[in-house]
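Here's the structure we're looking at; comments come further down.
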Amino acid sequence: MKVEMNLDNDSNNLVQAPTNGDSEKLSPSTLSSLLGSKDRDYLLCSTAAAAETDQQVKISDLEGKVIGIYFSANWYPPCRNFNRVLIGVYEQLKSNGSNFEIVFVSSDEDLDAFNSYRENMPWLSIPFSDLETKKALNRKYDVESIPCLVILQPDNTKDDDTYYDGVELIYRYGVDAFPFTKEKLDELRREEKRKHDSQTVTNLLTNPERDYLLDQTITRKVPVDSLKGKTVGLYLSAQWCMPCVEFTPKLISIYQKIKQALQEKGGGEDFEIVFVSNDRDQSSFESYFGTMPWLALPFRDPTARTLAKYFDVQWIPCLIIIGPDGKTVTKQGRNLINLYQENAYPFTDAKVESLEKEMEEAAKSLPRSEYHAGHRHLLTLVSEGSGGGPFICCDCDEQGSGWAYQCLECGYEVHPRCIRAVTPQSSIEDRIQLDLSPQLRDVSHERFSADMATSPILARNHANEASSKFPFFFIRNNS
């Protein structure tokens, strides 16, 4: 199960570092004990720099700099995605003369992978062979997942004794986050709040060079101002993303049903969707958009990236709902569509509360337990108050919350509407093929055990990938 991070609360932007007594300035001796060892007082410089100068940089040379300790690995796709973004930010800061340096701490599986990964890294690295220093850094900063970027201030004063979650800050603010101090981040949050308070559909979807959207012909221009007074869905999606391709036909059907219901109702109320593409090329954009009955931002318009950062979008497909007043109604439009179909409109808190009450009433008439085609164990009806919660339906691969039929033995969950009731015997026959390959489970268990012996982080990430039932895609693939 994946749960989208919520950064609306300022405290979620910070990662508290473990403290051992008083804060201390990052002096050469402190840096050496942190990044070096009794046999090493240097770091590896970038591969490109090594071709022109020495392959080593003294740790003492980092004194007085803002330092990012970067935990990452070549084998993990989210790390590679973030790496591209971080390189752009780092090079821009260095070209501006900013007092910033990054030190790479590898979780790669072997030396070749380490060397391959750091080929394009313009920053410094802990040698791959120094396992003790890498383990000590992982323990000190309590690194539970990668990529992770811990920011250290040159003067560890009382105001700067918090280490920030650099990955989220880089994604959210880019170079503007530097120098990552409390004052700078407070300033950025105030600016963010000001923008949200003054938000309109016009300032969200226009820029100085463009005040229009494209219709399905891709040639006719539709003024953004024509959306004023409408409920608008911003649909961030891409053709390369399989969950997007699977969700789009459902969204088209719901969109058409909502439009028809509003037309029959009369009164001038209207609903529109704007496609915000994360496609990789123009032809993919045109092919994908050609299946959609709504409007779109032009391909590679800078507003697309601005919207992803502004709404802190971490996964696609994502459907953000803007109300008739131009203010954000919800970022969970996709979830609401999956749960309530066209009844989710207009996606407001009041509407969702009403639908939840209806769901509560409907649940009273549901069987307390069922056998489901596709699973051998008995499924029990649960709610958020009785062991349920946000989940990915194992039948339709879509998100759900509230009521679910859940297997108390293995965690298998399905929407109540997805239940296909069967007798216990037919359920067992439907699943028997999964029992014919116990060796696969043994191999997975052996791999996890081996990973745990060498790297808990590696084991945890492998386990997460193996157990995931829904292939989320990181929108930042194409940032």
Side-chain angles (χ1 to χ4, degrees), residues 81 201-228 230-260 262-263 270-311 313-322 328 330-338 341-342 344-345 347 397-398 471-479:
N81 298 335
V201 70
T202 301
N203 60 33
L204 277 178
L205 296 177
T206 62
N207 60 46
E209 287 73 43
R210 180 191 50 76
D211 62 357
Y212 60 87
L213 301 167
L214 302 178
D215 74 353
Q216 298 93 320
T217 67
I218 309 183
T219 57
R220 193 171 76 86
K221 299 176 179 179
V222 178
V224 171
D225 283 350
S226 66
L227 298 179
K228 286 182 178 179
K230 297 181 180 181
T231 297
V232 178
L234 305 180
Y235 182 42
L236 289 84
S237 186
Q239 191 175 51
W240 54 261
C241 166
M242 186 55 63
C244 296
V245 172
E246 291 175 350
F247 179 69
T248 296
K250 178 185 294 186
L251 183 59
I252 291 171
S253 174
I254 299 303
Y255 168 82
Q256 291 170 336
K257 288 177 181 177
I258 292 173
K259 295 280 281 187
Q260 181 178 350
L262 292 176
Q263 186 176 5
D270 203 359
F271 176 55
E272 194 51 78
I273 291 178
V274 177
F275 172 43
V276 181
S277 172
N278 196 43
D279 287 300
R280 291 170 174 157
D281 53 60
Q282 181 75 33
S283 62
S284 296
F285 163 74
E286 292 182 3
S287 170
Y288 193 34
F289 180 47
T291 67
M292 303 174 185
W294 43 67
L295 306 175
L297 285 175
F299 180 62
R300 284 195 175 147
D301 190 283
T303 301
R305 182 177 296 184
T306 301
L307 288 170
K309 287 186 176 181
Y310 179 77
F311 289 108
V313 176
Q314 299 190 29
W315 310 102
I316 57 173
C318 176
L319 182 65
I320 299 163
I321 304 297
I322 308 300
T328 305
T330 181
K331 298 196 307 183
Q332 305 302 320
R334 177 192 172 206
N335 294 0
L336 297 177
I337 290 287
N338 285 330
Q341 288 79 50
E342 66 272 17
Y345 180 87
F347 308 94
D397 277 344
E398 288 292 355
F472 279 97
F473 285 82
F474 213 25
I475 190 170
R476 287 144 182 172
N477 278 7
N478 283 358
S479 294

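Every value quoted in this text rests on a predicted model; they were computed, and no experiment measured them.
Interatomic distance, CH2 of W240 versus CG of D281, reported as 12.5 Å (0.5 Å rounding). Distance check: Q239 CD to T248 OG1 gives 9.5 Å after rounding to the nearest 0.5 Å. Between I337 atom CD1 and E342 atom CD the span is 8.5 Å, to the nearest 0.5 Å. For the atom pair L213 CG and L297 CG, the distance stands at 6.0 Å (nearest 0.5 Å). Summarising the geometry, atom CD belonging to Q256 is positioned 10.0 Å from atom CG belonging to L251; distances are rounded to the nearest 0.5 Å. The CG atom of L295 sits 7.0 Å away from the OG atom of S226 when rounded to the nearest 0.5 Å.
Smallest separation of non-hydrogen atoms from R220 and D215: NE-OD2, 2.8 Å. The two residues P317 and Y235 make their nearest non-hydrogen contact at CB-CE1, 3.8 Å. Closest approach of G233 to I321, counting heavy atoms only: CA-CD1, 4.0 Å. Summarising the geometry of F299 relative to S277, their closest heavy-atom pair is CD1-OG, 4.0 Å, with the distance given to 0.1 Å. Between Q216 and M292 the shortest heavy-atom distance is CG-O, 3.2 Å.
Looking at F271, Y255, F275 one by one, the single match for ring-ring contact (aromatic ring centres under 6.0 Å, His included) with W294 turns out to be Y255. For the side chain to side chain contact (heavy atoms under 4.5 Å, CB included) with L204, the lone residue among T328, T303, L307 that qualifies is L307.
In this structure, the side chains of S237 and F247 stay at 4.5 Å or more apart for every pair of heavy atoms. Residues L234 and V274 have side chains in contact (heavy-atom distance under 4.5 Å, counting atoms from C-beta outward). Looking at heavy atoms from C-beta onward, I322 lies out of side-chain contact with L227 at the 4.5 angstrom threshold. Contact check for F311 versus C318: no side-chain heavy atoms found under the 4.5 Å cut-off. Taking the side chain as every heavy atom from C-beta outward, I320 and V313 approach each other to under 4.5 Å. The shortest distance between side-chain heavy atoms of F285 and P298 does not fall below 4.5 Å.
R210 is linked by a salt bridge (Lys or Arg N to Asp or Glu O under 4.0 Å) to D301, counting only residues two or more places apart in sequence or in another chain. Scanning for salt bridge (Lys or Arg N to Asp or Glu O under 4.0 Å) contacts around D225 gives K228, with sequence neighbours left out. Legend: residues meeting ring pair (Phe, Tyr, Trp, His ring centres under 6.0 Å) with Y310, ordered by chain and number and at least two apart, are H196.
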Practice problem: Would you sort out whether K250 and N338 count as a side chain to side chain contact (heavy atoms under 4.5 Å, CB included), showing the intermediate values? | Solution: CA-CA 9 Å; K250 178 185 294 186; N338 285 330; 3.1 Å; yes
Quiz prompt | Derivation and outcome, side chain to side chain contact (heavy atoms under 4.5 Å, CB included), residues D279 and F289 | solution = CA-CA 10 Å; D279 287 300; F289 180 47; over 6 Å; no
